[in-house]
2 protein chains.
Amino acid sequence: MATIKEKGQINEATCEQERLAINDTLELLGGKWRLRIMRYLGSREQEHNTFKKMQREIGNISAKVLANELADLEQNMLITRTVMDSRPVTVRYAISTYGKTVLPLTENIAQWGLDHRKMIRS
Amino acid sequence: MATIKEKGQINEATCEQERLAINDTLELLGGKWRLRIMRYLGSREQEHNTFKKMQREIGNISAKVLANELADLEQNMLITRTVMDSRPVTVRYAISTYGKTVLPLTENIAQWGLDHRKMIRS
DNA sequence: AGACCCAGTTACCCACAGGTAAGTCATACC
DNA sequence: GGTATGACTTACCTGTGGGTAACTGGGTCT
């Protein structure tokens with residue numbers, strides 16, 4: 001939260017901190033696929049989500065892009081990657097405990113979008 | 001919120017609706033400048049925010065881009081544009097009542113970003 | 001041996017968000 | 001008349017997010 005000083009001015013340092021934080025978040029979760037992947041994994045925790053399965057079930061994402069996004073999300077601890085010893089080898093992706101903290105955010109974003117649609121139509 | 005059916009499956013229609021809503025939100029508020037502009041105007045309601053003032057005080061935004069972003073935000077009712085009869089003519093931009101509904105969202109995003117920084121460092 | 005499956009890479013391409021620099025239009029001051 | 005200021009345009013350029021297609025590498029099935 002922005003801390004407000006007595007005279008109603010915004011604390012500049014905090015403000016700058018928040019700006020950077022917003023940039024961080026958008027960099028990590030912005031783009032066409034990230035949130036979608038997080039929501040996908042968030043809603044299928046109990047399933048065995050392999051690379052191919054995700055590619056099939058998430059819209060039209062190419063292998064290249066999916067691999068990229070998954071690597072990035074993994075590096076940021078939002079998802080986990082487990083190589084299973086099945087034949088042929090499959091890889092299981094799952095949302096991490098930490099990754100679940102973004103889900104409320106996506107709900108807020110979705111809710112605002114829904115409200116906005118109604119708003120615009122009237 | 002995603003509605004969960006008895007067997008723990010996700011309601012597909014609702015899910016799709018939310019996906020679209022998220023796309024809407026990101027389209028409208030994503031990008032490099034939008035949230036920054038909203039927060040700027042949100043924290044300076046009582047001030048007279050002209051085009052030049054904003055250009056000076058918001059980072060290094062070019063006239064072209066600023067004009068673009070402002071037009072878009074205005075079209076979506078998030079901000080208001082008022083031509084003042086001063087000399088030379090100035091234009092006053094302000095956040096709209098509706099526009100203020102995005103501020104909690106930015107706080108959430110900022111908060112998550114801040115937490116994430118701490119998280120990553122440890 | 002040949003065909004198929006998974007989990008990716010690699011190389012190439014393109015549209016577009018966003019940046020730079022200069023120009024326009026109206027008014028006002030010196 | 002010349003210069004300045006606010007609020008934009010206009011023309012042009014570039015980086016990169018994301019798309020396509022084909023390929024690698026390891027394993028299995030017949």
Side-chain angles (χ1 to χ4, degrees), chain A residues 19-20 22-41 44 47-76 78-94, chain B residues 19-20 22-41 44 47-76 78-94:
Chain A
R19 236 205 58 221
L20 294 174
I22 287 177
N23 286 353
D24 285 357
T25 308
L26 290 185
E27 217 166 289
L28 183 49
L29 298 175
K32 191 170 173 184
W33 299 107
R34 304 274 170 88
L35 282 186
R36 201 149 154 204
I37 292 170
M38 290 306 292
R39 278 164 57 82
Y40 178 90
L41 291 177
R44 282 152 220 257
E47 294 182 35
H48 198 115
N49 302 299
T50 69
F51 190 88
K52 262 282 142 65
K53 179 169 177 286
M54 293 180 71
Q55 211 190 327
R56 262 183 272 111
E57 298 183 358
I58 300 181
N60 290 328
I61 191 167
S62 68
K64 171 196 146 190
V65 173
L66 182 56
N68 238 322
E69 307 295 50
L70 289 174
D72 246 46
L73 292 174
E74 192 202 351
Q75 231 176 6
N76 281 278
L78 294 173
I79 65 174
T80 59
R81 192 188 108 107
T82 321
V83 179
M84 313 299 281
D85 57 351
S86 57
R87 284 122 293 204
V89 176
T90 58
V91 176
R92 178 179 201 161
Y93 291 96
Chain B
R19 234 205 58 221
L20 293 174
I22 287 177
N23 286 352
D24 285 356
T25 308
L26 289 186
E27 217 167 290
L28 183 50
L29 297 175
K32 192 170 173 185
W33 298 108
R34 302 275 170 88
L35 282 186
R36 201 149 154 204
I37 291 169
M38 291 305 291
R39 278 164 57 81
Y40 178 89
L41 291 177
R44 280 153 222 256
E47 293 182 35
H48 198 116
N49 301 299
T50 69
F51 189 89
K52 263 283 145 60
K53 179 167 177 288
M54 293 180 71
Q55 212 190 327
R56 261 182 273 113
E57 297 183 0
I58 300 181
N60 290 328
I61 191 168
S62 69
K64 171 195 148 192
V65 173
L66 182 55
N68 237 324
E69 307 296 48
L70 289 174
D72 247 47
L73 293 174
E74 192 202 350
Q75 231 176 6
N76 281 278
L78 295 173
I79 64 174
T80 60
R81 191 187 109 107
T82 320
V83 179
M84 314 300 279
D85 56 350
S86 56
R87 284 122 292 197
V89 176
T90 58
V91 176
R92 178 178 201 162
Y93 291 96

Peer 1: Could you state the atom-to-atom distance from CG of Leu29(A) to P of dG17(D) in whole Å?
Peer 2: 15 Å
Peer 1: Hey, are the side chains of Leu41(A) and Leu73(A) touching, using non-hydrogen atoms and a 4.5 Å cut-off?
Peer 2: no
Peer 1: Report the nucleotide, chosen from dC6(C), dG19(D), dA7(D), that has the shortest atom-to-atom distance to any side-chain atom of Lys52(A).
Peer 2: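 From the listed options, dC6(C) comes nearest.
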Peer 1: According to a strict under-4.0 Å criterion, is Arg81(B) in side-chain N/O contact with OP1 or OP2 of dC8(D)?
Peer 2: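 Yes, such a contact exists.
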Peer 1: For residues 49-61 of chain A, please give each side-chain donor-acceptor pair under 3.5 Å, one per line with the distance, not counting sequence neighbours.
Peer 2:
unit_1   : atom_1 : unit_2   : atom_2 : d
Asn49(A) : OD1    : Lys53(A) : NZ     : 3.0
Asn49(A) : ND2    : Arg44(A) : O      : 3.0
Thr50(A) : OG1    : Lys53(A) : N      : 3.2
Lys53(A) : NZ     : Tyr40(A) : OH     : 3.3
Lys53(A) : NZ     : Glu47(A) : OE1    : 2.8
Glu57(A) : OE1    : Tyr40(A) : OH     : 2.5
Glu57(A) : OE1    : Arg44(A) : NH1    : 3.2

Peer 1: Could you tell me the separation between the NE2 atom of His48(B) and the C1' atom of dA7(D), rounded to a whole number of Å?
Peer 2: 13 Å
Peer 1: Is the closest side-chain heavy-atom distance between Leu70(A) and Arg81(A) below 4.5 Å?
Peer 2: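 A side-chain contact is absent here, since even the closest heavy-atom pair is not under 4.5 Å.
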Peer 1: With a 4.5 Å limit on heavy-atom distance, are the side chains of Lys32(B) and Val65(B) in contact?
Peer 2: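 They are not in side-chain contact.
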Peer 1: Using a cut-off of less than 4.0 Å, is there contact between a side-chain N or O of Thr50(A) and OP1 or OP2 of dC6(C)?
Peer 2: no
Peer 1: Let's see if you can work this out: which of dC8(D), dG8(C), dC6(C) has an atom nearest to the side-chain heavy atoms of Thr90(A)?
Peer 2: dC6(C)
Peer 1: Nearest nucleotide by nearest heavy atom, which residue falls closer to the 5' end of DNA chain D, Lys32(A) or Arg92(B)?
Peer 2: Arg92(B)
Peer 1: Classify every nucleotide of nucleotides 20-29 of chain C by which part a protein heavy atom approaches to under 4.0 Å, writing B for the base, S for the sugar-phosphate alone and - for neither, in 5'-to-3' order.
Peer 2: B------SS-
Peer 1: Output the rounded distance in Å from CD1 (Ile37(B)) to C1' (dA17(C)).
Peer 2: 14 Å
Peer 1: When the distance from CG of Leu70(A) to C1' of dT9(C) is rounded to whole Å, what number comes out?
Peer 2: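 Taking atom C1' of dT9(C) as the reference, CG of Leu70(A) is at 14 Å.
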Peer 1: Quick one: Ile61(B) CD1 to dG19(C) P, roughly how many Å, whole number?
Peer 2: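 To the nearest whole Å, that distance equals 7 Å.
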Peer 1: Does Tyr93(A) put a side-chain nitrogen or oxygen below 4.0 Å from OP1 or OP2 of dG8(C)?
Peer 2: yes
Peer 1: Less than 4.5 Å apart, side chain to side chain, heavy atoms only: is that true for Met38(B) and Ile79(B)?
Peer 2: yes
Peer 1: Indicate the atoms forming the closest heavy-atom contact of Arg19(A) with Arg36(B), along with that distance.
Peer 2: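 Taking Arg19(A) first and Arg36(B) second, the nearest heavy atoms are CD-NE, 3.0 Å.
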Peer 1: Please state how far atom CD in Glu69(B) lies from atom P in dC8(D), giving the value in whole angstrom units.
Peer 2: 14 Å
Peer 1: Give the rounded distance in Å between these two atoms: CG of Leu26(A) and P of dA17(C).
Peer 2: 16 Å
Peer 1: Any heavy-atom pair between the side chains of Leu78(B) and Leu28(B) that's under 4.5 Å?
Peer 2: yes
Peer 1: From dG8(C), dA7(D), dG19(D), pick the nucleotide closest to the side chain of Phe51(A)?
Peer 2: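 Selected nucleotide (nearest to the side chain): dG8(C).
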Peer 1: Whole-Å distance between dG18(D) P and Asp72(A) CG?
Peer 2: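 Spelled out: CG on Asp72(A) to P on dG18(D) is 11 Å.
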Peer 1: Under 4.0 Å between a side-chain N/O of Lys53(A) and OP1 or OP2 of dA7(C), yes or no?
Peer 2: no
